[in-house]
Amino acid sequence: MKIASVIVDVAAKQTDRTFDYLIPEKWADVLQKGMRVIVPFGPRKVQGFVVGLKEHSEFKKLKPIVELLDPYPVLTEELLQLGHWLTEKTLCYAISAFQAMLPAAMKATYDKEVRLLYPEDMSLLHEDVQQYFKQEDAVLLSGVHQDHLSSFYRDIQKGYLEVIYIVKNRARKKTVKGIKPLYAAVQLQQLAEQMPKQAEKQKNVLAFFLKHPGEIALKELCEQLNVTQAPVKALVNKGVLGETNIEVYRQPYDEEAFGKTSAFPLTEEQEQAITPILQTIEEAKHDVFLMYGVTGSGKTEVYLQSIDQVLKEGKEAIVLVPEISLTPQMVKRFKGRFGSKVAVLHSGLSSGEKYDEWRKIQRKEVSVVVGARSAVFAPFQNLGIIIIDEEHETSYKQEETPRYHARDVAIYRGKHHECPVVLGSATPTLESFARAKKGVYKLLTLRKRMNDSALPAVDIVDMREELRGGNRSMFSTLLFEKMQDRLEKGEQIVLLLNKRGHSSFVMCRDCGYVHTCPHCEISLTYHRYNHLLKCHYCGYEQPAAVTCPECNSEHIRYFGTGTQKVEEELTKLLPEASVIRMDVDTTSRKGAHERLLDQFAEQKAQILLGTQMIAKGLDFPNVTLVGVLSADTMLHLPDFRSSEKTFQLLTQVSGRAGRHHLPGEVVIQTYTPEHYSIQLAGQHDFDAFYQQEMMARKMHQYPPFYYVALVTVSHEELTKVVAVTDKIAQFLRQKLSNNTVVLGPVASPIAKVKDRYRYQCMIKYKLEPELIPSLKFILDRYQREMQQQQLSITVDLQPYSMM
DNA sequence: AGCACGCCGACT
DNA sequence: GTCGGCGTGCTC
């Protein structure tokens, strides 16, 4: 083949197609579809993906490929197809889809290098420019000071400077220093004999290479022979030994730290659940299973044994877990069972570590990958199963382009590989549960907890009553008594409060002035540590004033309770209890999340207080009390899933209590105790919740009865946003069928973020062939304005968040 | 997305 | 009459 069709790394409407390039003779035999290349594109060079090979091209003035970046395709044929499917399903560009499937380290970055065209005549140049070339003969434009850039551009235009476009590859393979002999054994023997007597260490080194003639890491060599680097360096200087670079994988997990575990005997329920999965694996067919099992019912063991079967068949497995629960606990279970066959991919790894784990998959050195959302694209070629744990978790939906849901990708790949997809959850999404009820998915049920521990008893406390009874603290009498009881017994407590910071808004009691973010339409949250008011959307901060900026009053009151305030209160009320607070503010540093959980596991603290990040997947045997300080924080969000999300959160966090021998109790504090999602979560009754919520969804025409698409428009000027959104809504109403509902334009739940107003338009539809073409038309129509003005229009098909 | 080309206003 | 503003169109 002489010609390659390439998707170039330029995410824009006009470049969202293939461009043809000549394949240089030297690569004619090696170049394959799915490889990355560097190609000339206009005056510059860009990275691209080869998506097709052919003999002839319509285009006459073809340019040749500049560079080949991969020895093997990084995108398999399957992933290339999947990429095209993603562009259709999420309305993204092909290049965005491809990049989403690869580790970020493989994405190119670009720079420009400037060189002198007349090095002998520096005086031609602007003074600012001259100083850069005093030591160097090439300067990276990215390193040039802002103030000097215009001088550079002037000299470039005058033709004194040459611009070279550089494509940088961020992916760095980690290497260690290696040593290898430069002579054959016979000669080494002779050299050793000629060595002076006192050079004993050097002789030892040579003797080593007589026995082991290959290359070896310098560090390892020194350790084995118990010598310093000096004698080795001496031999290198003599030209006897040569230095090499040995490529190694970064080791985010210490392999030896994982003790081997073996399969547990399954309970009868587990046995019943696993049988159809194993059968599907054996028959090599595709099916989607929804494994609905209460918290602590042993879903993970079913996963592990299913994977074991897959590995026995010589196939591979993908396990997706929510970002947040990819704790060492979870990794340990998989590494413990399958050892070095497991690769781990999650956001806690550096981009280099992720790249290394990915290469292990590509090189077929592992056959199981455990990871967050993007691990669903693991480049396995012989998949035997895909498992999505905690299927209902919102982190499976990507909130940037391409806005895909990992579940949909998993099912696409499951069909392609003819293998089962297993969705597991104690609180499945209504969408999945409805499909299981209809028989589209196969329903597997685990009703009993392992080791027969009972589901915790739940008390729902009406905080309005507490207030009427004169209790103005954030703890109800019941919760406080139970906390004291646990502290006396030396048992542990988990407290959930879905709000970080100290106080969620600050108001002047004299004039009612509330501090709001100057860039977003949202009140500022008070952070006690460093006494700042912070915006949780854009990060803006300002010092908390002592007096009201409006009326100078000193009656400033802090409303709303955040985790910081609770922590403060706890130290006052229960000074003997030690508290670990876990929220975005205490876990932002790398490894902090893990460290805090370890401390709690080691019982260095009795109370774990945190936001929803503590609700999932944690398993501490000594936790016997879970307190939900305010169950309603999520309930009143303008989101049709708010009841579902509340039910899920309450159920998940309740599941943290009493997982082992000690029985657990849960106290849920709320201002709306009568709400069905709180009542039914208290009764652990998913089925009743499902019934009730389905009725609400049907009535209001929401999923799973209707599909939803969300168009969000943002711009600095409110009038512009409203005008554009209105036009879009009108256009859609006119184009789409009568059964389709177009809502809006309405202001987004957060109407202004980072100085940009946001409006949206929601579309609810069942069958709407005109939707995708219409949305494409809109994106086309506003493409120019989106490019040059600050207008932005995003389309989210099947959104998970309405924000 | 860049970058070049090209057509109109304010300056040596 | 030129320098430079950013509208328009192209990139194999």
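Just so we're on the same page: letters track the sequence lines, and every chain starts at 1.
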S.K.: Using atom OH of A:Y165 as one end and atom C1' of C:dT11 as the other, report the distance to the nearest whole Å.
M.R.: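 Between C1' of C:dT11 and OH of A:Y165: 12 Å.
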S.K.: Could you tell me how far apart A:K45 (NZ) and C:dT11 (C1') are, to the nearest whole angstrom?
M.R.: 16 Å
S.K.: Answer yes or no: are there more than 12 heavy-atom neighbours, outside A:R733 itself, under 6.0 Å from its atom CZ?
M.R.: yes
S.K.: Nearest to the side chain of A:R44, heavy atoms from C-beta on, is which of B:dA1, C:dT8, C:dC12?
M.R.: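 The answer is B:dA1, which lies nearest to the side chain.
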S.K.: For A:K107, look at atom NZ and say whether over 12 heavy atoms of other residues, nucleotides or ligands are found less than 6.0 Å away.
M.R.: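 For A:K107, atom NZ is not crowded (no more than 12 foreign heavy atoms under 6.0 Å).
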S.K.: Looking at DNA chain B, which of residues 7-30 of chain A put a heavy atom within less than 4.0 Å of it?
M.R.: A:V10, A:A11, A:A12, A:Q14
S.K.: Mark yes when over 12 heavy atoms from residues, nucleotides or ligands other than A:Y707 sit less than 6.0 Å from its OH; otherwise mark no.
M.R.: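 12 or below, so no.
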S.K.: Please state how far atom CD in A:Q783 lies from atom P in C:dG9, giving the value in whole angstrom units.
M.R.: 12 Å
S.K.: Rounding to an integer number of Å, can you tell me how far A:K63 NZ sits from C:dT11 C1'?
M.R.: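 So the NZ-C1' distance, A:K63 to C:dT11, works out to 7 Å.
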S.K.: Which heavy atom of A:W27 sits nearest to which heavy atom of A:L68, and what is that distance?
M.R.: CH2-N, 3.5 Å
S.K.: Minimum heavy-atom separation for A:R373 to A:K397, with atom names?
M.R.: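 Smallest heavy-atom distance, with atoms named: NH1-O, 3.4 Å.
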S.K.: In whole Å, what is the span from the CD1 atom of A:I65 to the P atom of C:dC12?
M.R.: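 Computing the A:I65:CD1 to C:dC12:P distance gives 13 Å.
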S.K.: Quick one: label A:K60 by what it contacts on the DNA or RNA (base, sugar-phosphate, nothing), any heavy atom closer than 4.0 Å.
M.R.: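 No contact at all - A:K60 keeps every heavy atom at 4.0 Å or more from the nucleic acid.
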S.K.: Expressed in angstrom and rounded to an integer, what is the separation of A:Y153 atom OH from B:dG2 atom P?
M.R.: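 It works out to 11 Å between those atoms.
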S.K.: Taking atom P of C:dT11 as reference, at what distance in whole Å does atom OH of A:Y93 sit?
M.R.: 18 Å
S.K.: I'd like to know whether A:T740 forms a side-chain hydrogen bond (donor to acceptor under 3.5 Å, both in side chains) with A:E768, so could you lay out the CA-CA distance, the side-chain angles of the two residues, the decisive distance to 0.1 Å, and finally the verdict.
M.R.: CA-CA 7 Å; A:T740 296; A:E768 189 53 81; 2.5 Å; yes
S.K.: How long is the line joining NZ of A:K112 and C1' of B:dA1, in whole Å?
M.R.: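 After rounding, the reported distance stands at 11 Å.
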